[in-house]
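Being a predicted model, the structure only gives us computed values, none of them experimental.
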Amino acid sequence: MPDHLAANVAFPHRRLKLDTLVRLRWLAVGGQTAALLVVHIGLGYPLPAGIAFSLVAFSAWLNVFLKIHSPSSLRLSEYAATLQLAYDILQMSGLLFLTGGLGNPFAFLLMAPVMVSATALSAHYTVVLGILATLCASVLAVFHYPLPWPGDAVFSLPPVYSVGIWIALVSTLGFMAIYAFRVAEEARQLADALAATELVLAREQHLNALDGLATAAAHELGTPLATIYLVAKELSDEFEDTDPRSEDIALIRSQAERCRSILKQLASLSSDDDRTFQRMPVSQLLEDVVAPHRGFGIDLKISASGSGDEPVGSRNAAIRYGLGNLIENAVDFAKETVDVSAAWDEETVAITIRDDGHGFAPEVLAKIGDPYVSVRNRRSNNREENSGLGLGFFIAKTLLERTGAKLYLENRPPPKQGALIRVTWQRSTLETLSSMDAQSFPLHKSERKIDA
């Protein structure tokens with residue numbers, strides 16, 4: 001269920017703003033103009049200044065056109081952004097062609113558009129721009145005007161050195177693009193997963209708020225309904241029993257009474273005096289989160305024990321959703337049995353979920369809880385299927401940690417099989433939810449104490 005959220009939610013940060021590219025191009029125009037003026041006028045080096053300044057002016061006019069034609073807040077499609085970055089590569093290549101090719105110290109600026117793509121666009125378009133930059137660098141290594149140099153001397157790089165510059169440029173381009181893309185992709189995944197988490201939590205809180213809406217509706221409808229009931233009662237006294245209209249009045253009166261009874265029940269659902277609804281013991285919490293997952297051919301066992309009185313907490317959407325998601329994951333991968341147990345003492349409450357499946361894959365055990373990490377493989381019809389994006393587990397972990405919980409995951413030690421997930425809270429935090437920072441708890445890793 002949560003793994004499908006990323007496909008259903010639009011994330012605007014995946015698209016570049018037009019204003020971003022325009023500002024970067026203005027920065028390039030300013031730098032290119034300054035470099036040409038210093039080299040040609042300040043130092044007096046000969047170069048085809050007319051064509052070079054024309055290329056810079058074309059970029060400036062392109063910016064002016066884009067600024068007038070489109071609003072600054074416009075977010076470009078990946079294709080449109082790629083076209084603009086491809087133009088920047090070609091324009092820079094034209095300037096380098098006129099000023100010495102790869103012998104120009106500014107040749108490494110060919111990487112700039114590819115870096116922008118790596119941080120904002122998909123891998124496909126970044127590879128396309130990387131190939132374009134590599135082709136341009138290859139052409140510039142062979143074909144170019146001489147590097148501007150004082151006097152009549154002609155600066156010429158040895159072929160071996162030119163090849164070395166080309167290799168260095170392409171290698172740096174590949175490394176920096178991959179590094180920038182991976183860092184940006186992790187940030188994008190985290191932002192997407194957090195957005196989906198907020199969406200899930202908002203939905204859960206919306207459901208929990210329905211009882212408050214029912215109370216508000218009962219309060220608002222109570223006065224007009226009482227008026228209808230009172231008028232119907234008075235009208236019933238004005239008609240004889242044999243009058244056909246008396247039956248209609250009696251019907252109105254009975255239905256108004258029924259509506260009053262229904263509104264009274266709705267108002268009682270979110271009453272602060274109804275402690276049974278507002279708060280629940282840990283054992284009841286386990287029953288609530290386990291109940292939707294029965295009937296799937298897996299034996300779900302529940303146990304609760306500890307020293308002292310049983311902890312009683314408020315109904316919390318984040319806790320119920322997070323635990324429910326972990327139990328759903330265990331049911332999906334269990335062979336026959338899933339054990340859900342609660343243990344507590346005077347300071348700590350721990351809920352442990354064990355299944356008898358294949359456990360967590362060793363290569364991803366250290367990365368569990370990161371967004372878009374599939375934790376295990378689901379077996380169906382004797383074939384392994386991907387278990388999803390791993391977003392559901394990230395959402396559950398995030399929601400539980402926001403309530404002050406701490407999660408511990410491992411594979412059960414031999415001869416037992418399966419995975420073990422333990423969620424722990426400070427008892428005072430669970431009962432009041434006033435402290436939201438996860439801490440180190442005594443029962444957190446005590447497998448021998450509560451894993452019988």
Side-chain angles (χ1 to χ4, degrees), residues 16 20-40 45-63 65-66 76 78-121 124-149 154-159 161-178 180-181:
L16 271 173
T20 300
L21 292 181
V22 169
R23 289 175 182 272
L24 290 175
R25 193 173 293 115
W26 278 126
L27 182 63
V29 167
Q32 292 166 0
T33 302
L36 290 174
L37 289 175
V38 169
V39 172
H40 184 61
Y45 291 180
L47 57 85
I51 302 178
F53 279 109
S54 297
L55 288 175
V56 177
F58 188 81
S59 291
W61 280 113
L62 176 61
N63 269 0
F65 171 78
L66 293 174
L76 300 172
E78 289 198 325
Y79 179 75
T82 301
L83 289 180
Q84 292 207 38
L85 292 173
Y87 163 78
D88 292 331
I89 292 175
L90 294 175
Q91 190 260 2
M92 187 64 194
S93 299
L95 288 176
L96 292 175
F97 173 79
L98 298 172
T99 56
L102 296 187
N104 191 315
F106 294 100
F108 282 86
L109 289 176
L110 276 175
M111 296 189 300
V114 183
M115 295 302 102
V116 174
S117 174
T119 58
L121 304 182
H124 171 72
Y125 290 103
T126 301
V127 170
V128 170
L129 291 173
I131 293 175
L132 177 62
T134 301
L135 291 176
C136 290
S138 301
V139 172
L140 291 173
V142 180
F143 304 103
H144 56 80
Y145 277 72
L147 182 71
W149 206 251
V154 177
F155 182 84
S156 178
L157 290 173
Y161 192 77
S162 297
V163 172
I165 293 179
W166 181 89
I167 294 176
L169 178 62
V170 173
S171 300
T172 304
L173 176 66
F175 173 79
M176 294 299 293
I178 293 174
F181 178 80

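Taking the side chain as every heavy atom from C-beta outward, V39 and T99 never approach each other to under 4.5 Å. Inter-residue side-chain proximity for L21 and V116 is flagged as met; some heavy-atom pair is nearer than 4.5 Å. Taking the side chain as every heavy atom from C-beta outward, L173 and T134 approach each other to under 4.5 Å. Within the 4.5 Å cutoff, no side-chain heavy atoms of T82 are placed close to those of S117.
Closest approach of L132 to L90, counting heavy atoms only: CD1-CD2, 4.1 Å. Counting all heavy atoms, side chain and backbone alike, L102 lies closest to S162 at CD1-O, 4.5 Å. Nearest heavy-atom pair across P113 and L110 is CD-O, 3.4 Å. Closest of all the heavy-atom pairs between L95 and A52 is CD2-O, 3.5 Å. Closest non-hydrogen pair, F53 versus L36, comes out as CZ-CB, 3.6 Å. The two residues C136 and I89 have their closest heavy-atom pair at SG-CG2, 4.1 Å.
Side-chain atoms of N104 never come within 3.5 Å of backbone atoms of L96 as a donor-acceptor pair (strictly under, hydrogens ignored). H40 places no side-chain N or O within donor-acceptor distance of the main-chain N or O of P46, the cut-off being under 3.5 Å. Of the possible donor and acceptor atoms, none in the side chain of T119 sits under 3.5 Å from a partner among the backbone N and O of A180.
Between the side chains of R25 and Q84, at least one donor N or O sits under 3.5 Å from an acceptor N or O.
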Practice task
Show your reasoning for whether side-chain contact (heavy atoms from CB on, under 4.5 Å) applies to E78 and H124.
Solution key: CA-CA 10 Å; E78 289 198 325; H124 171 72; over 6 Å; no
Practice task
Show the numbers, then the answer: is there a side-chain contact (heavy atoms from CB on, under 4.5 Å) between L98 and L47?
Solution key: CA-CA 7 Å; L98 298 172; L47 57 85; over 6 Å; no
Problem - Stepwise side-chain contact (heavy atoms from CB on, under 4.5 Å) check, F181 with V114 - result: CA-CA 10 Å; F181 178 80; V114 183; over 6 Å; no
Exercise for the section: Show the numbers, then the answer: is there a side-chain contact (heavy atoms from CB on, under 4.5 Å) between L129 and Y125? Expected result: CA-CA 6 Å; L129 291 173; Y125 290 103; 5.5 Å; no
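Residue pairs meeting the ring pair (Phe, Tyr, Trp, His ring centres under 6.0 Å) criterion with at least one member in residues 89-120, sequence neighbours excluded, are F97-Y145.
F58 and Y87 have tilted rings, their planes meeting at an angle from 30° to 60° on a 0 to 90° scale.
From L55, atom CG reaches atom OG of S93 across 10.5 Å, with rounding to the nearest 0.5 Å.
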